[in-house]
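Following: one structure in structure tokens, then a few remarks.
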Amino acid sequence: MKTLIQPVKGTRDFYPEEMSIRTWLYQQIKKVSSSFGYEEYEGPILERLDLYAAKSGEELVKEQSFVFSDRGGDQITLRPELTPTLARMIAQKQNELAFPVRWWSFGPFWRYERPQKGRTREFFQWNIDILGVDSPEADAELVAVAASFFQSVGLTPNEIKIFVNNRRLMDVTLAEMGIAPENRKTVFHIIDRRDKLNPNSWKEYALECGLTPDQFEQLCHILEDKDLWKKSDELVRFFNVLKAMKLDEFVVFDPQVIRGLEYYTGTVFEGRDAAGEGRAVFGGGRYDNLVGDVGGDPLPGVGFAMGDVMVTLLLQKYGKIPAKQEQQKMVLVTIFDSTLLPSSFSLANKLRLEGITVVTYPEAVKLQKQLKFADRKGIRFAAIQGPDEAAANTVTLKDLLKREQQTVPVEEAGKTLQSMMA
RNA sequence: GUGGCUGUAGCUCAACGGCAGAGCGCCACACUGUGGAUGUGGAUGUUGUGGGUUCGAAACCCAUCAGCCACCCCA
């Protein structure tokens, strides 16, 4: 093999097979988002670096984004996330929008990271947000959107779980433990690492970070407390809504869920394989000062983002991605020989005008080869017109799946095919 | 950014210092008007790339690129 130019590290080629999965995913996302009244939007793929510097940590953006200078010398980045763009778009029209705003989007993003399972440098992400409301019921709506999505693609609560926590609840709880506000970030980090270390190392790590043995014991107790949420009025209201929507099977309270993002202020949640494998499938939460950071008036909101990579892995694992169906309704019009070529092309277009998807074989080769092609492509029907049929102005229509065929007048071919497909 | 594993035919892999192979797939024919089967025959490689060690390297060493896995991070 000649040496091919290699694709860019961490990118994926979407061959028709993968593309049909992505398109299907998009359709599911669109269906669910619309059913809750969310409107689709899109921002530019290129943004000024400054947009992210305003909110995310400078290092995060510089180290983990694709950044370049344009010809005018401006620092431009391939967008690593959508939320700052959303904030800008909202801020620009803040006085003319009817709140609450419900928007969703599905598009490409880039992060300069080391690729591994479930993580690429170029990926697609579903973003969905509700802005302008500050209620636990709005939090519940977003989680309900996610749960409905899983439901609509056929994932069950045994396969996917949405783990929920609340930052305010954790703040109060940590305060009760005597942990000063400035140390809470450290404790959140300790909580985050719990699953990555064995119990002994984790304890060592926690004590190194400055927890007293007594605080460590309390922390363990808290993280095991499945009823802690009852102390949070917000979470009580949140779970009530999900129960009323009969989606509560998908949702579990988990005091260990923190989410890395510093701008989350209330409810936080993430979806994971119920079997405990892999990284989070999606994550999100409530933020209360999003738009303010880019120059608008402060506006509360809640939203989440779901990358295509993990969710596709999950859907494949549980066999939820439907096989391509289009070929089941396609017809291959064969070309018997070069003299009958015009006749076949005429037939092909006649069928197309009747709404049938028709593929012609582009040269007059052995019928055997043409049918084999149809077979390999999964095209279910074939139309054959040899000298006999042409003389009688008929065509033989074959169902390759049922291995049946019939010869009908050309004028009836479309109608007959329609009934064969039904 | 750190550490580990892996790159051999279109695909999955074998050969592990001594002639680069198998299965599947592909192509042709049996079968000059009918596809998933069967049989027969056939094609295919700078062993990821670049250097080094050696009489001799796919194999050993170094570098590099890519993939995978874990860490970091996860907007």
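Both backbone and side-chain heavy atoms feed into the values below; hydrogens, waters and symmetry mates do not.
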Quote, to the nearest angstrom, the C1' distance that separates B:rG10 from B:rG1. 37 Å
Rounded to whole angstrom units, what separation is found between the CZ atom of A:Arg121 and the P atom of B:rC65? 11 Å
Under 3.5 Å, sequence neighbours excluded: what are the donor-acceptor pairs made by side chains of residues 359-373 of chain A?
| residue | atom | partner | partner atom | Å |
| --- | --- | --- | --- | --- |
| A:Gln370 | OE1 | A:Ile335 | N | 2.8 |
| A:Gln370 | NE2 | A:Ile335 | O | 2.7 |
| A:Gln370 | NE2 | A:Val365 | O | 2.8 |

Under the side chain to side chain donor-acceptor pair (under 3.5 Å) test, which residues partner A:Gln405, sequence neighbours left out? none
Taking only the C1' atom of each, what is the distance from B:rG17 to B:rA9 in whole angstrom? 23 Å
Using a cut-off of 4.0 Å on non-hydrogen atoms, how would the nucleic acid contact of A:Gly10 be classed: base, sugar-phosphate, or nothing? sugar-phosphate
Indicate whether OP1 or OP2 belonging to B:rU34 is found under 4.0 Å from a side-chain N or O atom of A:Gln370. no
If you draw the axis of the six-membered ring of A:Tyr264, does the NZ or CZ of A:Arg167 fall within 45° of it and under 6.0 Å from the ring centre? no
For B:rG33, does the base pair up with any side-chain atom of A:Glu389 as donor and acceptor (N or O, under 3.5 Å, distance only)? yes
Report yes or no: is the cationic atom of A:Arg111 (NZ for Lys, CZ for Arg) closer than 6.0 Å to the six-membered ring centre of A:Phe123, at no more than 45° off its axis? no
A:Tyr112 OH to B:rC74 P: how many Å, rounded? 19 Å
Side-chain contact check for A:Arg111: nearest option of B:rA75, B:rG67, B:rC73 is B:rA75
Heavy atoms within less than 4.0 Å of RNA chain B: which residues of residues 188-211 of chain A have one? Give them sorted by number. A:His189, A:Arg193, A:Lys196
Heavy atoms only, 4.0 Å cut-off, all strands: where does A:Pro387 land among base, sugar-phosphate and nothing? base
Runs of at least three consecutive pairs that involve RNA chain B, where pairs are Watson-Crick or G-U with distances under 3.5 Å: B:1-7 with B:65-71, B:10-13 with B:21-24, B:26-30 with B:38-42, B:48-52 with B:60-64
Polar side-chain contact A:Arg114-B:rG3 base: donor and acceptor under 3.5 Å: yes
P-based separation of B:rA63 from B:rU6 [nearest Å]: 16 Å
Specify the separation, in whole Å, of atom CD1 of A:Ile258 and atom C1' of B:rC73. 16 Å
Check whether the side chains of A:Asp399 and A:Gln406 place a donor and an acceptor atom closer than 3.5 Å, and report yes or no. no
Would you say the side-chain atoms of A:Ser33 and A:Glu40 include a donor-acceptor pair closer than 3.5 Å? no
Spacing of the C1' atoms in B:rG48 and B:rC55 (rounded, Å): 28 Å
Residue closer to the 5' end of RNA chain B, A:Asp375 versus A:Phe336 (nearest nucleotide): A:Phe336
Between A:Phe150 and A:Phe282, ring centroids under 6.0 Å: yes
Can you label the angle between the A:Trp202 ring and the A:Phe216 ring as parallel, tilted or perpendicular, going by 30° and 60°? tilted
Rounded to the Å, how far apart are A:Lys9 NZ and B:rU49 P? 19 Å
Please report the distance separating the C1' of B:rG25 from the corresponding atom of B:rG42, rounded so that it comes out in whole Å. 14 Å
Can you check the distance between B:rC60 and B:rC5, where both ends of the measurement are the P atom (answer in whole Å)? 12 Å
Between atom CD in A:Gln6 and atom P in B:rC65, what is the gap in whole Å? 10 Å
Nearest of B:rG33, B:rA75, B:rU2 to any side-chain atom of A:Ile384? B:rG33
Give the rounded distance in Å between these two atoms: CZ of A:Phe109 and C1' of B:rA75. 10 Å
Ring centre gap for A:Trp229 and A:Phe238 strictly below 6.0 Å: no
Work out how far the P atom of B:rA22 is from that of B:rG33, and round it to whole angstrom. 36 Å
Distance, P atom - from B:rU12 to B:rC71, rounded to whole angstrom: 26 Å
Rounded to whole angstroms, how far apart are CD1 on A:Ile335 and P on B:rG33? 16 Å
Looking at A:Arg380 and B:rG35, is any side-chain donor or acceptor paired with a base atom of the opposite kind under 3.5 Å? no
Would A:Asp195 and A:Gln256 count as having a side-chain donor-acceptor pair, cut-off 3.5 Å? yes
At under 4.0 Å between heavy atoms, which parts of nucleotides 24-30 of chain B does protein reach? Answer with one letter per nucleotide, 5' to 3': B base, S sugar-phosphate only, - none. --S-SS-
Distance-only donor-acceptor hits, side chain of residues 133-147 of chain A, under 3.5 Å, sequence neighbours excluded:
| residue | atom | partner | partner atom | Å |
| --- | --- | --- | --- | --- |
| A:Ser135 | OG | A:Glu137 | N | 3.4 |
| A:Ser135 | OG | A:Ala138 | N | 3.1 |
| A:Glu137 | OE1 | A:Arg237 | NH2 | 2.9 |
| A:Glu137 | OE2 | A:Arg237 | NE | 3.1 |
| A:Asp139 | OD1 | A:Arg286 | NE | 2.8 |
| A:Asp139 | OD1 | A:Arg286 | NH2 | 2.8 |
| A:Asp139 | OD2 | A:Thr267 | OG1 | 2.6 |
| A:Glu141 | OE1 | A:Arg102 | NH2 | 2.9 |
| A:Glu141 | OE2 | A:Tyr38 | OH | 2.6 |
| A:Glu141 | OE2 | A:Arg102 | NE | 2.7 |
| A:Glu141 | OE2 | A:Arg102 | NH2 | 3.3 |

Quick one: sort the A:Phe14 and A:Phe124 rings into parallel, tilted or perpendicular, breaks at 30° and 60°. perpendicular
Tell me what A:Leu332 touches on the nucleic acid: a base, only sugar-phosphate, or nothing, going by heavy atoms under 4.0 Å. nothing
On RNA chain B, does the nearest nucleotide to A:Thr396 precede the nearest nucleotide to A:Glu113 from the 5' side, or the other way round? Give the residue. A:Thr396
Specify the separation, in whole Å, of atom CZ of A:Arg119 and atom P of B:rC73. 11 Å
Under 30°, 30 to 60°, or over 60°: which ring-plane class applies to A:Phe239 and A:Phe253, parallel, tilted or perpendicular? perpendicular
Suppose we call two aromatic rings close when their centres sit under 6.0 Å apart. Are A:Tyr41 and A:Trp103 close by that rule? yes
